[in-house]
Every structure is written in C-alpha cells, then in structure tokens.
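In this chain, numbering begins with 1 at the start of the sequence shown.
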Amino acid sequence: MSDSSEKKYFDFSVLKRVFTFVKPYRWRFVVSIILAIILSFFTPVRPFLIQLTVDKATGKNVHTPWVIQLLFPHTQLNDAWQFIIAVTVFQVVFIFIETVARFYFSFLTSWLGQSVVRDMRTAIYKKILGLNLKQFDTTPIGTLTTRTINDIESINDIFSDGLIPIFADLLSIIIVLVTMFVTDWRLTLIALIPFPLLILATYYFKESVNKSFIQVRNAVAALNAFVQERITGMAIVQAFAAEDRELEKFNKINRHHRNANIRSIFAYSVFFPIVEIVLAVSTGLLVWWLAGQAASNPIKNKDLAGELVAFILYLNQIFRPLRVIADKFNVIQMGVIAAERVFKVIDNPDALAPSADDAYAPQQRLEGKVEFDHVWFAYNEENYVLKDISFKVEAGETVAIVGHTGSGKTSIISVLNRLYHINKGEIKLDDINIEKYNLDTLRKNIAVVLQDVFLFSGSVMDNITLHNGEIKREEVIEAAKLIGVHDFIMQLPGDYDYNVMERGNTLSLGQRQLISFIRAILSNPAVLILDEATSSIDSESELLIQNAIDTLITGRTAIVIAHRLSTIRKADKIIVLDKGEIKEIGTHEELLVLNGFYAKLHSMQFKKNKTAVI
C-alpha cells in the first residue's frame with residue numbers, strides 16, 4: 001500500500017467513484033446545486049441596485065425595475081428620496097434572503113461532505129478489519145491511521161470547500177461578467193486588460209501549492225507512522241537511552257513537514273498581493289477610462305458615477321472568488337489524491353474473502369481432530385518458515401510444541417485458524433480442509449490465548465466479551481469461577497468494571513493472560529491454542545495460570561506452545577521443531593530415550609531448574 005510521492009494530473013475516475021458515495025444523499029446534492037445557481041444569480045443584484053441609487057441621487061433618469069414597482073405600488077418612485085428609500089428597503093430584505101440561502105448552502109455542502117466521509121470511513125475500517133494479517137506486517141499502523149482519519153477528512157473538503165463552491169464561484173463570475181458586458185462592453189474590456197496576468201499567476205500558484213500539499217500529506221503520514229511506533233515502543237527507547245537518536249529522526253521528518261508547509265505559505269504570500277495589484281490596476285483603468293470620457297464630453301458623460309461604483313463592486317465580486325478559486329482547485333485535487341489512497345486500501349486484494357454460501361458451517365460443536373498434511377508456509381513467499389509439516393492430533397489430545405525461537409511454533413498456530421494462508425499442503429479439522437469452513441464457524445471453534453495478550457482500553461468485562469451483547473455478565477462470572485480467576489478480578493478496584501487502560505498496561509502479564517483465559521472458555525472451543533508466557537510471573541499468578549490451563553484443556557483438543565516442564569510432561573504428544581522442520585514427535589519419556597534433539601533441548605533448559613521456562 002505504498003503511495004507515489006507525486007500526482008500531476010487530475011483523475012476524474014477517482015472523483016466519479018467518490019460521487020458513488022453521494023447516491024444515498026442525491027436529493028440534498030441536487031438542492032445544493034440549485035442553491036449554488038440561485039446564489040450565482042443573486043451576485044450582481046446589489047451592485048446593480050447601488051448603481052440605480054447613485055444614478056437617481058445624481059439626477060439621472062433611471063428605469064425602475066419591475067420588482068421594485070411590484071413591491072412598492074403606492075410609493076412615488078419618481079421622487080429621488082422615496083426611490084432611494086424603496087431600493088434600500090429592498091436591499092435589506094434581499095440581503096436577509098441571500099444570507100439565509102448562503103447559510104443553507106454552506107450547511108448543506110458541509111453536511112453532505114460529512115455524510116460521505118462517515119460512509120467512506122466505515123467502508124475503509126470495514127476493509128481494514130478484513131485484511132489479512134500479512135498486510136499489518138508490512139504496512140505501518142500510522143499509515144493506515146492516516147488513511148482512515150486525515151485522508152478521509154480531505155475528501156470532505158471536496159464537498160464543503162471544493163467542487164460545489166467552485167461551481168458556484170465560476171457561475172457567479174460568468175454572470176457578473178455578462179452583466180458587465182450588457183451594461184458597458186467597452187468599459188468591461190478595459191477592466192479586463194490585466195486579467196491574463198492573473199490567469200498566469202493563478203496557474204503557477206495552483207501548481208506550486210499542489211506540489212507542496214502532496215509533500216505535506218506524505219510528511220503527515222510519515223509523522224503519524226513514526227510517532228505511533230515510537231510511543232508504542234517507548235519502553236525500549238528509554239531502556240536503551242535512545243531518546244536523542246529518536247528525537248533527531250523525528251526532527252528530520254518534522255523539518256520536511258515544516259519545509260513543505262513553508263513552500264505553500266510562500267506561494268500564498270506571492271499570489272494574494274498579485275491579485276490585489278491586478279484588482280488595483282483594473283480599478284485604475286476604470287477610473288482612467290470614465291474620467292477620460294467625462295473630460296472629452298462633459299455634458300453627455302456627466303452621469304457616470306453610478307456606473308463607476310457598480311463596476312468597482314463588480315470587479316470585487318470577480319476578484320473575491322478568484323483569490324481562492326486556485327486554492328479550491330488544489331483542495332479538490334488533494335481530495336482526489338486522498339481518495340485514491342483510500343481506495344487503494346479499499347481495493348486491496350489481500351483480504352479475507354467472504355465465506356461462500358455453501359461453506360461448511362455445522363451448528364454443533366466440532367470434535368477437534370487436527371491434521372497437518374505436508375504444509376509449507378512463508379510470510380514473504382520466498383523464505384519458508386514451515387517446511388513439509390505433517391502431524392495428527394486426535395480429538396481431546398494435548399500436544400506440546402517445543403523448539404528454539406524462530407523454529408516456527410507461532411506460525412503453526414497462525415495458519416490453523418486461517419490468520420495466514422499456507423503456500424502448499426493441507427490442514428484439516430475433523431477431516432475437512434479448513435479452507436472449506438465458514439470462517440466464523442472455524443474461528444468460533446478455535447480459541448487462541450497468546451503469551452502477549454492484547455487488551456483494549458476499557459473495562460475487564462468489555463475485554464472479556466469484546467462488546468458481544470449475547471454474553472451475559474452472569475456467564476462471564478461463572479466462567480471466571482470455573483477456572484479460578486473470579487477472586488483475582490474481585491480484588492481489582494471496580495472488579496469487572498475496572499478500566500485496564502490502553503493495552504492493559506495497568507495489569508501484569510500474568511493478569512492479562514488470566515483475563516484472556518476467560519475469553520477462551522466462554523466460546524467453548526473444540527480446539528484451544530495456547531502460547532505459554534515465557535516472562536517471569538509472580539507465584540500467585542503462576543498458580544492461577546496453571547490451574548486455569550488444566551481447566552481449559554480438559555475435554556478439548558489443546559495445542560500448546562510449551563515453555564514449562566509441567567505442561568510438557570502432561571502433553572499426550574510433543575512435537576519438536578527446528579528451523580521450520582519437525583525433528584521429533586513423541587511423549588516426554590520417549591523423546592528422552594531417543595537422546596536426540598529434544599533431549600539436548602531439555603538438558604540445556606531444565607538441567608539447573610526443573611521449573612524454568614524455555
């Protein structure tokens with residue numbers, strides 16, 4: 001899911017796809033377009049009314065608009081003072097109507113953007129939930145966070161600050177220009193003489209800011225990924241006194257982010273004064289032309305004051321949107337780039353395929369017979385971590401898997417419940433290939449308890465049930481009592497409602513694993529996969545864990561990545577792994593008699609202390 005650093009051309013296919021999310025709100029979208037058109041026609045009205053007022057005040061013969069005649073039928077509109085009052089009252093009412101319309105337009109476009117953002121954020125998060133774990137091994141979490149939050153917000157800007165407002169601004173400019181040409185086409189052409197300079201400046205401004213925005217987006221993603229990773233691993237950073245080195249790395253990324261923003265600020269600092277200069281030149285040309293007309297023929301051209309005031313206001317109505325229209329084009333382009341990144345996540349093919357309608361999904365609990373048949377597996381499709389693995393576990397048996405770090409123990413449990421897909425071979429559960437199972441059915445029958453238990457910020461109860469409303473509090477308490485964990489939880493402040501904080505940092509490793517045992521037993525799985533903790537655990541938690549393990553493995557198939565001699569001796573079968581290959585299979589006594597790989601491993605690990613851990 002890597003991103004290109006540059007995107008030069010506007011991709012209409014991406015924008016078209018964004019608008020598929022507008023379909024549920026199509027009527028609101030249509031209303032916003034109608035409001036944009038209405039507001040565009042409102043734009044030249046006030047300058048026109050001001051021109052009428054000035055012309056009437058200077059004694060010029062003015063044609064009264066039919067709307068004014070209709071609204072003020074009993075007013076002597078030929079009288080200058082009454083005419084000015086009538087026009088002023090109409091302007092006040094008109095401004096109120098225009099303000100209300102602009103409010104609804106702004107609110108509607110923002111509401112539309114937020115609704116689309118909500119739906120897109122739901123879509124991308126749903127996709128992330130279904131990605132294969134391999135994607136999380138290769139994609140920084142901060143990058144996915146950026147896609148879900150920052151990039152999605154940029155898509156919102158397409159609606160609230162981009163496409164619809166640009167349509168309204170462009171239409172307003174066209175209508176104002178048409179009004180100016182109808183009023184005095186020569187004066188309009190004079191006023192537009194500096195416009196080629198503005199168009200050129202707008203183009204270069206758009207290109208400059210666009211490059212800067214792309215760099216800013218990439219820098220934000222890099223900052224998110226870096227900070228998230230360092231905060232997660234802060235204990236390692238501090239333990240190895242690496243604060244200064246990490247700060248220097250952060251400063252380097254932060255400088256890149258700052259420089260990208262400064263380049264954008266520089267472009268704005270150059271562009272806005274240019275717009276003001278062009279406006280000043282256009283205004284100067286207006287005054288020069290009309291003053292020349294008045295000087296050349298004072299009698300014929302004595303009543304040009306109203307036209308001058310109106311044209312100055314018209315120019316401001318043209319230049320005001322032009323100041324921001326290039327910026328809004330960049331908003332759209334950045335929104336499209338952000339949408340492209342979001343769609344890359346949504347379209348990622350490396351995701352869990354939905355189970356077929358005819359997928360195997362028995363209603364009754366499975367027996368728990370497990371078979372690996374010549375299984376090969378690699379995380380990167382090159383270096384195999386499991387090589388031709390074959391073994392059988394009968395229903396109800398307990399199998400201990402032992403081996404050095406990196407021998408493939410964790411990989412075996414990862415492929416059994418389809419967290420990863422094997423490259424070659426076959427894995428069967430109750431004599432049926434696990435690929436044929438409905439995925440929910442498969443995982444409900446296989447419970448996994450890892451040594452590094454992840455707890456979410458929230459209560460003990462929430463972490464046990466994972467917000468599953470079908471699991472009642474009484475069931476949780478009964479399960480906790482069954483494995484002897486209830487008393488430990490009741491000692492916590494707030495017992496089952498105790499907030500374990502992020503990642504369960506307020507609990508010890510042993511306490512976190514005890515909570516995960518309750519998770520496992522509540523699902524009543526046919527197969528239990530347990531990765532014993534290798535870290536030192538206090539004696540009280542050690543005893544609770546041993547009792548809980550004995551309860552958990554009773555009456556079900558258990559596959560244990562074993563580190564304790566007591567667990568290994570209780571196993572019906574021991575599988576010895578080394579470098580992804582099975583070296584030996586047998587009971588504890590049988591493997592010791594062989595005096596092979598297991599015997600050497602046993603001698604190294606348990607010679608001094610029979611309760612030590614591997």
(request) Please answer whether the main-chain N or O of Gly458 pairs with a side-chain N or O of Asp462 as donor and acceptor at a distance below 3.5 Å. (result) no
(message) For the CZ atom on Phe72, are there more than 12 heavy atoms of other groups (residues, nucleotides or ligands in this structure) within a distance under 6.0 Å?
(response) yes
(message) I'd like to know if the side chain of Ser459 reaches the main chain of Tyr498, judged simply by a donor and an acceptor atom lying under 3.5 Å from each other, with no hydrogens or angles considered.
(response) no
(message) What's the separation between atom CD1 in Ile33 and atom CD1 in Ile38, rounded to the nearest 0.5 Å?
(response) 11.5 Å
(request) Return yes if a side-chain donor-acceptor contact under 3.5 Å exists between Asn468 and Thr465, otherwise no. (result) no
(request) Work out which heavy atom in Val116 is nearest to a heavy atom in Val22; give both atom names and the distance. (result) CG2-CG2, 4.0 Å
(request) Decide, yes or no, whether a salt bridge links Arg102 with Glu98 under the criterion of side-chain N to carboxylate O below 4.0 Å. (result) yes
(message) Taking atom CZ as the centre, does Arg230 end up with more than 12 heavy-atom neighbours from other residues, nucleotides or ligands that are less than 6.0 angstrom away?
(response) yes
(request) Determine the interplanar angle of the Phe21 and Phe343 rings, folded into 0 to 90°, and report it as parallel if under 30°, tilted if 30 to 60°, perpendicular if over 60°. (result) parallel
(request) With the side chain counted from C-beta on, respond yes when Val500 and Ser457 share a heavy-atom pair under 4.5 Å apart, and no when they do not. (result) no
(request) Measure the shortest side-chain to side-chain distance between Val275 and Leu198 over non-hydrogen atoms and say whether it is less than 4.5 angstrom. (result) yes
(request) Indicate yes or no: at least one non-hydrogen side-chain atom of Leu200 is less than 4.5 angstrom from one of Tyr204. (result) yes
(request) Just say parallel, tilted or perpendicular for the rings of Phe205 and Phe271, cut-offs at 30° and 60°. (result) parallel
(request) May I have the step-by-step check of side-chain contact (heavy atoms from CB on, under 4.5 Å) for Tyr25 and Asp119, ending in yes or no? (result) CA-CA 11 Å; Tyr25 318 104; Asp119 294 346; 2.6 Å; yes
(request) Decide whether a cation-pi geometry holds between Arg28 and Trp111; the criteria are a distance under 6.0 Å from NZ or CZ to the six-membered ring centre and an angle within 45° of the ring axis. (result) yes
(request) Calculate, to the nearest 0.5 Å, the distance between atoms CG and CD1 belonging to Leu322 and Ile199 respectively. (result) 8.5 Å
(message) Could you tell me if the side chain of Tyr314 sits less than 4.5 Å from the side chain of Phe319, heavy atoms only?
(response) no
(request) Keeping the roles fixed (side chain from Asn261, backbone from His257), state whether a donor-acceptor pair exists under 3.5 Å. (result) yes
(message) Please find the pair of heavy atoms, one from Ile164 and one from Phe105, that lie closest to each other, and give the distance.
(response) CG2-CE1, 3.5 Å
(request) Could you tell me the separation between the CZ atom of Phe41 and the CG atom of Leu171, rounded to the nearest 0.5 Å? (result) 6.0 Å
(request) Identify the heavy atoms of Asp151 and Ala338 that sit nearest to each other, and give their distance. (result) O-CB, 3.4 Å
(request) Report the C-alpha distance between Asp169 and Arg320 in whole Å, list the side-chain angles of each, state the deciding distance to 0.1 Å, and finish with yes or no for side-chain contact (heavy atoms from CB on, under 4.5 Å). (result) CA-CA 9 Å; Asp169 288 343; Arg320 186 171 59 245; over 6 Å; no
(request) State, yes or no, whether a side-chain contact exists between Leu192 and Phe181 at a heavy-atom distance under 4.5 Å. (result) yes
(message) Looking at Thr43, is its backbone amide N or carbonyl O close enough to the side chain of Gln317 to form a donor-acceptor pair, meaning the two atoms are under 3.5 Å apart?
(response) yes
(message) I'd like to check Ile166 versus Ile332 (side-chain heavy atoms, cut-off strictly below 4.5 Å). Are they in contact?
(response) yes
(request) Search all heavy atoms of Ile253 against all heavy atoms of Ala219 and return the closest pair with its distance. (result) CG2-O, 4.3 Å
(message) When you compare the side chain of Phe226 with that of Asn254, does any pair of heavy atoms fall below 4.5 Å?
(response) no
(request) Could you walk me through whether Thr179 and Phe48 pass the side-chain contact (heavy atoms from CB on, under 4.5 Å) test, one step at a time? (result) CA-CA 9 Å; Thr179 304; Phe48 173 72; 5.7 Å; no
(message) Treating Asn463 as the side-chain partner and Phe456 as the backbone partner, does any N or O pair qualify as donor plus acceptor under 3.5 Å?
(response) yes
(request) Decide, yes or no, whether a salt bridge links Glu248 with Arg255 under the criterion of side-chain N to carboxylate O below 4.0 Å. (result) yes
(message) Can you confirm whether Phe83 sits close enough to Leu52 that some side-chain heavy atom of one is under 4.5 Å from a side-chain heavy atom of the other?
(response) yes
(message) With rounding to the nearest 0.5 angstrom, report the CG to CG distance, Asp184 to Leu308.
(response) 11.5 Å
(request) Enter the distance from Lys127:NZ to Thr122:OG1 here, rounded to the nearest 0.5 Å. (result) 15.5 Å
(message) For the CZ atom on Phe272, are there more than 12 heavy atoms of other groups (residues, nucleotides or ligands in this structure) within a distance under 6.0 Å?
(response) yes
(message) Return the CG to CD1 distance between Leu286 and Ile190, rounded to the nearest 0.5 Å.
(response) 9.0 Å
(message) Determine whether a donor-acceptor pair (N or O, by modelled atom type, separation under 3.5 Å) exists between the side chain of Asn316 and the backbone of Ile312.
(response) yes
(request) Output yes when a side-chain donor or acceptor of Ser110 lies under 3.5 Å from a complementary backbone atom of Phe107, and no otherwise. (result) no
(message) For Ser106, is there any backbone N or O sitting under 3.5 Å from a side-chain donor or acceptor partner on Thr109?
(response) yes
(request) Walk me through it: do Phe311 and Val287 pass the test side-chain contact (heavy atoms from CB on, under 4.5 Å)? (result) CA-CA 10 Å; Phe311 266 70; Val287 174; over 6 Å; no
(message) I'd like to know if Asp347 and Arg17 make a salt bridge, using a cut-off of under 4.0 Å between side-chain N and carboxylate O.
(response) yes
(request) Assess whether atom OH of Tyr104 is packed by more than 12 heavy atoms of other residues, nucleotides or ligands within 6.0 Å. (result) no
(request) Grab the two heavy atoms, one from Ile346 and one from Ile124, that are nearest each other, plus how far apart they are. (result) CG1-CA, 4.1 Å
(request) Of all the heavy-atom pairs spanning Ser282 and Ala191, show the shortest one and how long it is. (result) OG-O, 2.9 Å
(request) Check side chain to side chain contact (heavy atoms under 4.5 Å, CB included) between Gln91 and all other residues, then give those that pass, not counting sequence neighbours. (result) Arg46, Leu49, Ile50, Thr53, Val87
